[in-house]
Amino acid sequence: MGNCWQSLGPQNNTYIRLSLPAVCFVWQIAMIILFGVFIRYDKESDAHWAEHKKAENLTDIDNEFYFRYPSFQDVHVMIFVGFGFLMTFLKRYSYGGVGFNFLIASFGLQWALLMQGWFHSLDLTTGKIYIGIESLINADFCCAGSLIAFGALLGKVSPVQLMVVTLFGVTLFAVEEYIILDLLHCRDAGGSMVIHCFGGYYGLAISWVLYRPNLHQSKRLQGSNYHSDLFAVIGTLFLWMFWPSFNSAITDHGDGQHRAVINTYIALASSVLTVYATSSMFQKRGKLDMVHIQNSSLAGAVAMGTAAEFMITPYGSLIVGFFMGIISTFGYVFVTPFLERSLKLQDTCGIHNLHAVPGMLGGFIGAIVAATATEEVYSKEG
Amino acid sequence: MGNCWQSLGPQNNTYIRLSLPAVCFVWQIAMIILFGVFIRYDKESDAHWAEHKKAENLTDIDNEFYFRYPSFQDVHVMIFVGFGFLMTFLKRYSYGGVGFNFLIASFGLQWALLMQGWFHSLDLTTGKIYIGIESLINADFCCAGSLIAFGALLGKVSPVQLMVVTLFGVTLFAVEEYIILDLLHCRDAGGSMVIHCFGGYYGLAISWVLYRPNLHQSKRLQGSNYHSDLFAVIGTLFLWMFWPSFNSAITDHGDGQHRAVINTYIALASSVLTVYATSSMFQKRGKLDMVHIQNSSLAGAVAMGTAAEFMITPYGSLIVGFFMGIISTFGYVFVTPFLERSLKLQDTCGIHNLHAVPGMLGGFIGAIVAATATEEVYSKEG
Amino acid sequence: MGNCWQSLGPQNNTYIRLSLPAVCFVWQIAMIILFGVFIRYDKESDAHWAEHKKAENLTDIDNEFYFRYPSFQDVHVMIFVGFGFLMTFLKRYSYGGVGFNFLIASFGLQWALLMQGWFHSLDLTTGKIYIGIESLINADFCCAGSLIAFGALLGKVSPVQLMVVTLFGVTLFAVEEYIILDLLHCRDAGGSMVIHCFGGYYGLAISWVLYRPNLHQSKRLQGSNYHSDLFAVIGTLFLWMFWPSFNSAITDHGDGQHRAVINTYIALASSVLTVYATSSMFQKRGKLDMVHIQNSSLAGAVAMGTAAEFMITPYGSLIVGFFMGIISTFGYVFVTPFLERSLKLQDTCGIHNLHAVPGMLGGFIGAIVAATATEEVYSKEG
């Protein structure tokens, strides 16, 4: 029962007994102080909203809450059940995968509310950050970057190391997000570049630094079994089903959210078919590889992160899903083994194939769709 | 790890290695071409919605998206996690159950968008099908018919055969739906007849054709174990909890959706009690049979599919649930063994008791409620 | 396969075979009669809503349904998957935990619609109870009280005894809720006092009455194993993720719901860090105890039940979560063993630490926040 936890790190146990409580307590107290200084309710979650509503002649349902809350809850499920259970596939680390995902996401979202607040929504006159439902969604998004990185490190790092990875991950995320969205004025509602490409390469960089030569020995411990694979499928399916909410959660009201959902739903369906096809082609005796199904079937949605809200057309979405399913499965078959052999880069969950490459391609797809959009198509912006 | 996949079909492995990729790639490319020719965004998901909104003096929240999206996500969970995990109860086919459910639903929803579009919403002036959130819900519904049929075939067919079953299932679904809803002008929002009765008898017909004499031998392989049963309960519960969304997803705005949720919620609660009662009556030593709990507790909602949106009254819903729990459990105890012995009809998941019979009775209940409705009750239609 | 069910009770099997069906059938028939006499659709779920809408110049989206439905579905998941799977952690009772949770919640919510109706919403002129979406949420809440009590009794009572516990639990709930909300005019939207404190002490009182001296013998049977613990984590996570919906489901439209979500989300994140810290401090060799993670990480939300809708401020929520994580984990380490040794009080799931104490403290926190609120903060009520 216990060794599943300890097996996540090669460290001295007394050290963990002191360091993990110390880090958690000190950082949580720091969060309380910083929240006390900076964080307040925004206009729509403050008790003064009634006045505002009256002044602007709004009805109850015009609160931002009702536009975003269903999507928020779906994204929340993706972060904790989706990412968490996707990481249970290693039979020795099942509990560690979902358990440390829980810990670092809980810390990460608090730190994200502060970091994203300072960079994006600090009110310079009052010196406060005003948070609402959209801030909570963005904080979950920001955590996703560090959870993706965790996927490359699964089974190799201690909980304290993971907390440090999350601290820096969230900080870097806020900076790169600021550069891409605020300075370069890109749109990236589902975070192909901002979340997936960043999280993927951040995790790979750390994994490269932490390379341990006794790779083959640890590999023996990393096998999956029948039930750990079924638990991982729970994670896969909740990510797959709720990804339309992920890509539409912070897009424009009305047609923006509506279109992002349709495009993501279609791209995901298309991915699944090409993953099953590619996987059975490359496996001995036509058997399907569970790792491909668990991961690559999500690649279509990662690559739609930027373009989902655009007028990419339904068949455009199908085409994106089609190629992403193939590219991602190829990655698991050829690229991950190559990275391990040649670059000494261990990537436990294969985040290079699920997040890094599809995220980067998603950025290109978004750029192409945006560049080819005519004024006639987006008449409302014309 | 691998034999769970291959065990789904008695086929030659080299054949699978060629045929599954071929079917997936060719059919997916056909989908892309057909989507390119026919499918476009509808008015509310198109970038021109801003003009439409202005012209009709609407606010952001008046987009159909906000009326349907929470229900859509629940239905989506039912299709992939609900049906998928319900089919994990066979310990040898757990992964195949959820994995092939994933594949055929992903193909089925694309084909459904086309088939339902051609029959129901083809714009004859432009020759295009315009899709929005309601189309996605209907596509999920349409898949449900084929997934129900899969329940009778579990453990007996190959993935390629399942793809063919889905292709024909979706096609037939669109035709019978057109006849029932458009030609006969029935209302069947939760699909008692259109989805459950159709899916049940479609699956049973195929199972009858595919009868294999070595029944008893395969039965030995079909047992469940403790953990596969717990995974199946995940499927049961997500179906049970979200069925109010299923029956209300495409009903009228306002009181229609509201009433369908209340009626389904009540009928389901009533079913559970009579299933536990009937099951413990018929089992040796009062033990409960997990198969009954996993399936029959859902029968109340299947039978409310047609009537849920009507003024059936809360106690009427309780009565429907009461009898459906009993009838469905009786089916598992007496009818399924009879069908196997006498008609050579193998029904792995017992879809006859969960979908076919409750669906048919649901159609009758709907007809009775509609026939007895007075103008006073439905004053808005008066 | 079967012994998991029968092991829940030490009773004679023939007795169960007669008594469980008898109780289920008789009580369900009683429900049908009482629903027939008392329960009707409310204004917003009745077919006459169209007239009402016209008269008051409302639009479709102004139906209460659209304000509450997403939260309702989340609460529903908490009751059946959250509480149900949280109780699967005992490897011998996994199926019994989730299976009897299903049975008693299905009965409890019907009885709750009646009891809460009689106490809170009986229309004295017509003698009817009018139900809508908010009634369904309240019925789920009312069940939660009895499900919490089940947590203390897990593995020690028969299904018929559980039905009786639920019958009295729901009845007492409606009475104490009437006293606290209607006579004392407290506000307790998330039910710190009304649900958690009540459910906790109700369960402990019954467990004390049912004390069996062969404690140590049964303890041997109560162990968890790796997979039963992973199933329990599914329960934990769905409770944790959807608790913002629980605490906001019946608060005021607009800023009330919005603020309750933010406060609960923040308090939960804070709890998680202090639970991990406290747990690893007290365990030998720094290993984390799964029981703490599964339960105590929820304590922050229990304690926010009363205060979540108030202007407690974001850092106030963090502070509540911080201390509740510590107090609850301390409870598992010190108080539960003490209660068993000294007071002969067996508490299988530790509901004293998760519900009773945090619920009571939540009541105090709510009172303090309400007492210190200035008129300026709540200007809308000024």
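Just so we're on the same page: letters track the sequence lines, and every chain starts at 1. Quick caveat: nothing in here was measured; it's all calculated off a predicted structure.
Using a 4.5 Å cut-off between heavy atoms, I234(C) contacts chain B through its side chain alone, with no backbone atom that close. Heavy-atom distances place the side chain of F322(B), and not its backbone, under 4.5 Å from chain C. When heavy atoms are compared at a cutoff of 4.5 Å, F80(C) approaches chain B by way of both its backbone and its side chain. For a residue to count as touching a neighbouring chain, one of its non-hydrogen atoms must lie under 4.5 Å from one of that chain's; by this rule V77(C) touches chain B with backbone and side chain alike. Heavy-atom distances place both the backbone and the side chain of D140(C) under 4.5 Å from chain B. Contact annotation for Q110(C): only side-chain heavy atoms (C-beta onward) come within less than 4.5 Å of a heavy atom of chain B. Proximity to chain B (any heavy atom under 4.5 Å) is shown, for S135(C), by neither the backbone nor the side chain. For F38(C), no part lies near chain B; criterion is any non-hydrogen pair under 4.5 Å. For F102(C), the parts sitting under 4.5 Å from any heavy atom of chain B are the backbone and the side chain alike. Looking at I326(B), only its side chain comes within 4.5 Å of chain C, counting heavy atoms on both sides. Both the backbone and the side chain of F242(B) come within contact range of chain C, each with at least one heavy atom under 4.5 Å from a heavy atom of that chain. Both the backbone and the side chain of S245(B) come within contact range of chain C, judged by heavy atoms closer than 4.5 Å.
Using a 3.5 Å distance cut-off with no hydrogens or angles, the side chains of S71(B) and D74(B) do not pair a donor with an acceptor. Judged by distance alone, the side chains of Q28(C) and S270(B) do bring a donor and an acceptor atom under 3.5 Å apart. Looking only at atom types and distance, the side chain of N263(B) has a donor-acceptor partner in the side chain of Y41(C) under 3.5 Å away. Under the 3.5 Å distance criterion, with hydrogens and angles disregarded, a donor-acceptor pair is assigned to the side chains of S296(B) and S328(B).
The greatest number of non-hydrogen atom pairs below 4.5 Å with chain B, out of I39(C), L136(C), L113(C), is found for L136(C). Most heavy-atom pairs under 4.5 Å with chain C: of the set T278(B), V261(B), V275(B), T274(B), this distinction falls to V261(B). Comparing T88(C), D62(C), I131(C) by how many heavy-atom pairs each has under 4.5 Å with chain B, the most go to I131(C). Of the listed residues (F85(C), W49(C), Y66(C)), the greatest number of heavy-atom pairs within a distance under 4.5 Å of chain B belongs to Y66(C).
Shown here is F25(C), whose CZ atom has more than 12 heavy atoms of other residues, nucleotides or ligands within 6.0 Å.
Taking the six-membered ring where tryptophan is involved, the planes of W118(C) and W111(C) are perpendicular, since the angle between them exceeds 60° and thus also 30°. Between Y69(C) and F65(C), the ring planes lie parallel to each other; the angle is under 30°, not in the 30° to 60° tilted range.
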Q.
Show, in sequence, the C-alpha distance, side-chain angles and deciding distance for F107(C) and Y276(B), and conclude whether the ring-ring contact (aromatic ring centres under 6.0 Å, His included) test is met.
A. CA-CA 11 Å; F107(C) 166 68; Y276(B) 276 73; over 10 Å; no
Q.
Run F173(C) and F141(C) through ring-ring contact (aromatic ring centres under 6.0 Å, His included) and show every step you take.
A. CA-CA 10 Å; F173(C) 184 100; F141(C) 280 0; 8.6 Å; no
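Checked against the 6.0 Å centroid threshold, W240(B) and H76(C) count as a close aromatic pair.
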